[in-house]
Peer 1: 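Please find one structure pasted underneath; my questions will follow.
FYI, the numbering just counts along the sequence from 1. In this text, all values refer to a predicted model and were calculated from it rather than measured experimentally.
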Amino acid sequence: MAMSSFATTWGSTPSERALSFPCDGLLPDAQFDLYRAVTVEAPPRVVFRWLCQLRVAPYSYDLLDNLGRRSPRELTHGLDELAVGQPFMTIFTLAEFESNKHVTLRIASGLPRTVFGDVAVSYVVLPEGDARSRLVVKLRVPLPGERLPARLGRTVVAWGDLLMMRKQLLTLKGLAEKGARTTSKSAAE
């Protein structure tokens with residue numbers, strides 16, 4: 001059953017939701033998809049570089065999901081040197097990537113599959129000209145029915161994820177835009 005609401009599609013367009021995402025192949029039988037998207041006034045390479053920072057921090061509510069440590073506000077050297085299997089945000093591993101285009105993550109093997117079961121997520125950077133991008137995220141969740149009734153489970157997951165991922169995407173957007181302004185200001189001088 002498809003559910004389309006603010007909580008399941010925040011910021012995304014119908015055409016973005018119709019795209020094929022790398023995470024689709026990781027969990028082809030997932031019963032539930034969530035979409036999130038923001039426009040970023042920065043080129044794809046800058047946005048992608050900030051996505052690489054997810055290797056060390058979640059960039060959401062640090063008190064809740066980063067043990068109170070502040071997610072870095074400066075790019076960390078070497079984090080853009082990606083390899084499949086690397087840890088991301090503590091609970092994910094890098095499943096696949098394409099430089100300046102996407103990172104696709106999956107719940108790390110060996111970890112409890114959380115209340116949601118297995119999870120796969122693709123962060124996709126879509127260019128909009130030379131200096132603007134769309135950061136579109138698709139999250140696939142199987143939602144095992146025995147843990148929560150399906151409708152309640154979808155609602156809880158959608159709103160809970162929206163709370164955290166909205167903050168994450170807006171933080172990454174702000175940092176990428178700041179970096180793009182600094183880079184273009186330096187280039188102009």
Side-chain angles (χ1 to χ4, degrees), residues 12 16-17 19-38 40 42-127 133-144 147 157 160-162 164-173 175-176 179:
S12 66
E16 290 167 342
R17 293 190 295 273
L19 296 172
S20 186
F21 288 78
C23 64
D24 295 339
L26 296 176
L27 291 176
D29 297 325
Q31 299 94 0
F32 191 49
D33 296 326
L34 299 171
Y35 299 88
R36 282 73 175 90
V38 292
V40 185
R45 64 180 168 68
V46 173
V47 177
F48 183 82
R49 185 59 183 86
W50 278 100
L51 286 179
C52 295
Q53 290 288 122
L54 294 175
R55 286 179 54 193
V56 296
Y59 287 87
S60 185
Y61 294 101
D62 288 333
L63 187 59
L64 293 175
D65 61 4
N66 203 23
L67 303 174
R69 294 181 306 251
R70 185 173 168 90
S71 297
R73 294 311 196 240
E74 301 291 328
L75 292 172
T76 304
H77 178 73
L79 288 182
D80 56 337
E81 297 168 13
L82 300 180
V84 170
Q86 290 172 324
F88 267 70
M89 295 182 283
T90 309
I91 64 167
F92 289 98
T93 57
L94 183 60
E96 61 183 89
F97 69 94
E98 186 174 349
S99 290
N100 299 325
K101 296 185 188 253
H102 81 89
V103 294
T104 296
L105 313 173
R106 193 165 185 177
I107 288 287
S109 63
L111 289 178
R113 293 295 188 187
T114 74
V115 72
F116 316 119
D118 199 358
V119 174
V121 59
S122 290
Y123 291 79
V124 177
V125 182
L126 302 174
S133 306
R134 287 283 290 165
L135 176 53
V136 184
V137 181
K138 181 176 185 179
L139 182 80
R140 303 213 78 197
V141 183
L143 280 180
R147 296 195 182 150
V157 169
D161 179 73
L162 177 61
M164 301 305 284
M165 193 167 289
R166 180 182 178 279
K167 172 69 170 155
Q168 179 189 65
L169 295 182
L170 292 175
T171 299
L172 293 171
K173 167 188 168 68
L175 292 166

Peer 1: Could you report the tightest heavy-atom contact between Phe21 and Glu16, atom names first, then the distance?
Peer 2: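 Minimum heavy-atom contact is CE1-O, 3.4 Å.
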Peer 1: My understanding is that only residues two or more places apart in sequence, or in another chain, count here; which of them pass side chain to side chain donor-acceptor pair (under 3.5 Å) with Asp80?
Peer 2: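 By the side chain to side chain donor-acceptor pair (under 3.5 Å) rule, Asp80 matches no residue at all.
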Peer 1: Is Arg17 paired with Asp33 through a side-chain N to carboxylate O contact shorter than 4.0 Å?
Peer 2: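 So Asp33 does not pair with Arg17 through a salt bridge.
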Peer 1: Restricting to side chain to side chain contact (heavy atoms under 4.5 Å, CB included), what partner residues turn up for Ala30, sequence neighbours left out?
Peer 2: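 Residues passing side chain to side chain contact (heavy atoms under 4.5 Å, CB included) with Ala30: Leu27, Arg140.
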Peer 1: Please report the interatomic distance CZ(Arg36) to CE(Met164), rounded to the nearest 0.5 Å.
Peer 2: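 The distance works out to 12.0 Å.
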Peer 1: Is there a side-chain contact between Val124 and Leu19, using heavy atoms and a 4.5 Å cut-off?
Peer 2: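 They are not in contact (no side-chain heavy atoms under 4.5 Å apart), so the answer is no.
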Peer 1: What closest approach, in Å, do Pro127 and Val125 show between heavy atoms, and which atom pair accounts for it?
Peer 2: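 Result for this residue pair: CD-O, 3.9 Å.
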Peer 1: Mind running side-chain hydrogen bond (donor to acceptor under 3.5 Å, both in side chains) on Tyr59 and Gln53 for me, showing each step along the way?
Peer 2: CA-CA 9 Å; Tyr59 287 87; Gln53 290 288 122; 3.0 Å; yes
Peer 1: Of all heavy-atom pairs between Ala57 and Pro72, which one has the smallest distance, and what is that distance?
Peer 2: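 Looks like CB-CD, 3.7 Å.
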Peer 1: Looking only at heavy atoms, which two atoms of Leu82 and Leu79 are closest? And how far apart?
Peer 2: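 Reported closest heavy-atom pair: CD2-O, 3.4 Å.
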Peer 1: Do Ser71 and Thr171 come within less than 4.5 Å of each other through their side chains, counting heavy atoms only?
Peer 2: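 In short, these two side chains do not touch, never coming nearer than 4.5 Å.
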Peer 1: Please round to the nearest 0.5 Å and tell me the distance separating atom CG of Leu34 and atom CE of Met165.
Peer 2: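 Rounded to the nearest 0.5 Å, the CG-CE separation comes out at 8.0 Å.
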Peer 1: Without placing hydrogens or testing angles, list every side-chain donor-acceptor pair under 3.5 Å for residues 92-105, not counting sequence neighbours.
Peer 2:
from, atom 1, to, atom 2, distance (Å)
His102, ND1, Thr104, OG1, 3.0
Thr104, OG1, Ser122, OG, 2.8

Peer 1: Can you tell me how far apart CZ (Arg106) and CG (Asp118) are? Round to the nearest 0.5 Å.
Peer 2: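 Between atom CZ of Arg106 and atom CG of Asp118 there are 4.0 Å.
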Peer 1: With heavy-atom distances below 4.5 Å as the criterion, would you say the side chains of Val47 and Tyr123 are in contact?
Peer 2: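 SC-SC contact between Val47 and Tyr123 ruled out.
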Peer 1: Please examine the side chains of Leu54 and Leu172, heavy atoms only from C-beta on, and report whether any two atoms are closer than 4.5 Å.
Peer 2: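 Leu172 vs Leu54: side chains touch.
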Peer 1: Within the 4.5 Å heavy-atom criterion, are Asp24 and Lys138 side-chain neighbours or not?
Peer 2: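 Counting from C-beta outward, Asp24 and Lys138 do come under 4.5 Å.
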Peer 1: Are the side chains of Leu135 and Leu51 in contact, using a 4.5 Å heavy-atom criterion?
Peer 2: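 Leu51 vs Leu135: side chains touch.
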Peer 1: Heavy atoms only: give me the nearest Ala37-Arg134 pair and the separation to one decimal.
Peer 2: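 Heavy-atom minimum between the residues: CB-NH2, 3.3 Å.
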